[in-house]
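What follows is a set of notes on a single structure, which appears directly below.
Throughout, numbering of the chain's residues begins at 1 and tracks the sequence.
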Amino acid sequence: MTTPSDPDEMLAGFRKQIEDKMQQAEQIKEAATAVRAEASNKDGSVRVTVDQNGNMSDLELSDGALRRRPDELSTEIMSTVRSAQTQLAERMREAMEPVLGSDTETLDSVLSGVRDRFPGDSEEPPERGAASNRPGDSGDEDFDEFDWMNSRRR
């Protein structure tokens, strides 16, 4: 590929690249926003849906779930939420591949951020309320303020 010698032609090429990237960024945002993951407990009495940020967006409890002691039900709900969250990386990959195509670097970056926040069952999840190594961070994570694409707080 040769470089255009006309400055106007170069500027037009840069503008086109910027427009293409902005359009792709909007597609990425739309695809990511639509990501959901669902999980049920073993007996199917608890079913949860989490959004792209890992926040519970739906909870369904059967009569069987309501027969449990409150502390057992609470544990079951939280365990099912974590199970749904561990599926987010795969759901995100499924949503991003059509948008990103062969751009594996960007895809890997997005998935890495999701995996860091929601490690799989084989990885030990961070303890709730554990002290953070980041200066000025209280350790309480507000997921709505987490920039999952860049693996950092906004």
Side-chain angles (χ1 to χ4, degrees), residues 15-154:
R15 283 189 183 118
K16 174 73 172 125
Q17 287 177 345
I18 291 169
E19 287 172 15
D20 290 347
K21 288 296 180 186
M22 291 188 66
Q23 184 178 15
Q24 184 185 43
E26 186 61 33
Q27 291 172 336
I28 290 170
K29 180 181 173 187
E30 288 173 12
T33 302
V35 170
R36 302 283 181 269
E38 295 179 357
S40 295
N41 66 341
K42 290 177 183 162
D43 68 5
S45 63
V46 175
R47 181 178 182 84
V48 299
T49 303
V50 295
D51 65 14
Q52 76 279 4
N53 293 316
N55 297 320
M56 186 171 36
S57 59
D58 192 29
L59 170 65
E60 297 175 23
L61 302 173
S62 73
D63 290 337
L66 299 177
R67 288 187 202 103
R68 292 193 172 110
R69 290 189 355 230
D71 61 326
E72 291 173 348
L73 180 57
S74 171
T75 299
E76 199 68 29
I77 291 170
M78 294 308 297
S79 174
T80 307
V81 167
R82 284 189 292 276
S83 179
Q85 290 170 334
T86 63
Q87 298 175 34
L88 282 174
E90 180 61 20
R91 299 295 166 270
M92 192 66 71
R93 184 191 60 74
E94 291 168 356
M96 292 296 150
E97 277 183 339
V99 175
L100 295 172
S102 64
D103 185 357
T104 57
E105 186 176 336
T106 301
L107 181 61
D108 289 345
S109 177
V110 169
L111 296 181
S112 173
V114 174
R115 286 185 191 116
D116 287 349
R117 289 185 61 209
F118 306 111
D121 291 334
S122 63
E123 301 173 44
E124 203 168 304
E127 288 185 36
R128 192 87 173 133
S132 171
N133 293 332
R134 292 182 294 206
D137 190 353
S138 66
D140 292 333
E141 182 106 40
D142 183 356
F143 293 117
D144 290 334
E145 292 186 18
F146 192 85
D147 183 352
W148 57 267
M149 291 183 74
N150 296 311
S151 296
R152 61 178 167 81
R153 292 180 73 75
R154 289 187 186 152

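- The line from NZ of Lys42 to OG of Ser83 is 10.5 Å long, rounded to the nearest 0.5 Å.
- Put simply, CD1 on Ile28 and CE on Met92 are 11.0 Å apart, with the number rounded to the nearest 0.5 Å.
- In terms of the side-chain hydrogen bond (donor to acceptor under 3.5 Å, both in side chains) criterion, Ser57 has no residue partners (sequence neighbours excluded).
- If you run side-chain contact (heavy atoms from CB on, under 4.5 Å) between Met96 and each of Val114, Leu111, Leu107, only Leu107 comes through.
- Among pairs with a residue in residues 84-100, those fulfilling salt bridge (charged side-chain N to carboxylate O under 4.0 Å, His left out) read Glu90-Arg93, Arg91-Glu94, Arg93-Glu97, at least two apart in sequence or across chains.
- Inter-residue side-chain proximity for Gln85 and Arg82 is flagged as met; some heavy-atom pair is nearer than 4.5 Å.
- Legend: residues meeting side-chain hydrogen bond (donor to acceptor under 3.5 Å, both in side chains) with Glu38, ordered by chain and number and at least two apart, are Arg47.
- If you run side chain to side chain donor-acceptor pair (under 3.5 Å) between Asp20 and each of Gln17, Lys16, Gln23, only Lys16 comes through.
- Each of Val46, Leu61, Asp71 was evaluated against Glu76; a single residue qualifies, Val46, per the side-chain contact (heavy atoms from CB on, under 4.5 Å) test.
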| Asp103/Thr106 under side chain to side chain donor-acceptor pair (under 3.5 Å): CA gap, chis, key distance, verdict | CA-CA 6 Å; Asp103 185 357; Thr106 301; 2.7 Å; yes
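- Closest approach of Ala84 to Ala37, counting heavy atoms only: O-CB, 3.3 Å.
- Considering only residues two or more places apart in sequence or on other chains, Asp43 meets the side-chain hydrogen bond (donor to acceptor under 3.5 Å, both in side chains) condition with Asn41, Ser45, Arg68.
- With values rounded to the nearest 0.5 angstrom, Gln52 atom CD is found 8.5 Å from Leu88 atom CG.
- Between Asp116 and Ser112, some side-chain heavy-atom pair lies under the 4.5 Å cut-off.
- Using a 4.5 Å heavy-atom cutoff, the side chains of Leu100 and Gln24 are in contact.
- Taken to the nearest 0.5 Å, the CZ atom of Arg117 stands 5.5 Å off from the CG atom of Asn53.
- Here Glu72 pairs with nothing under the side-chain hydrogen bond (donor to acceptor under 3.5 Å, both in side chains) rule; sequence neighbours left out.
- Closest non-hydrogen pair, Ala31 versus Ala95, comes out as CB-O, 3.7 Å.
- Here OG1 of Thr49 is found 9.0 Å from CG of Leu59. Values are rounded to the nearest 0.5 Å.
- In this structure a side-chain-to-backbone donor-acceptor pair under 3.5 Å is present from Thr33 to Lys29.
- Legend: residues meeting salt bridge (Lys or Arg N to Asp or Glu O under 4.0 Å) with Asp63, ordered by chain and number and at least two apart, are absent.
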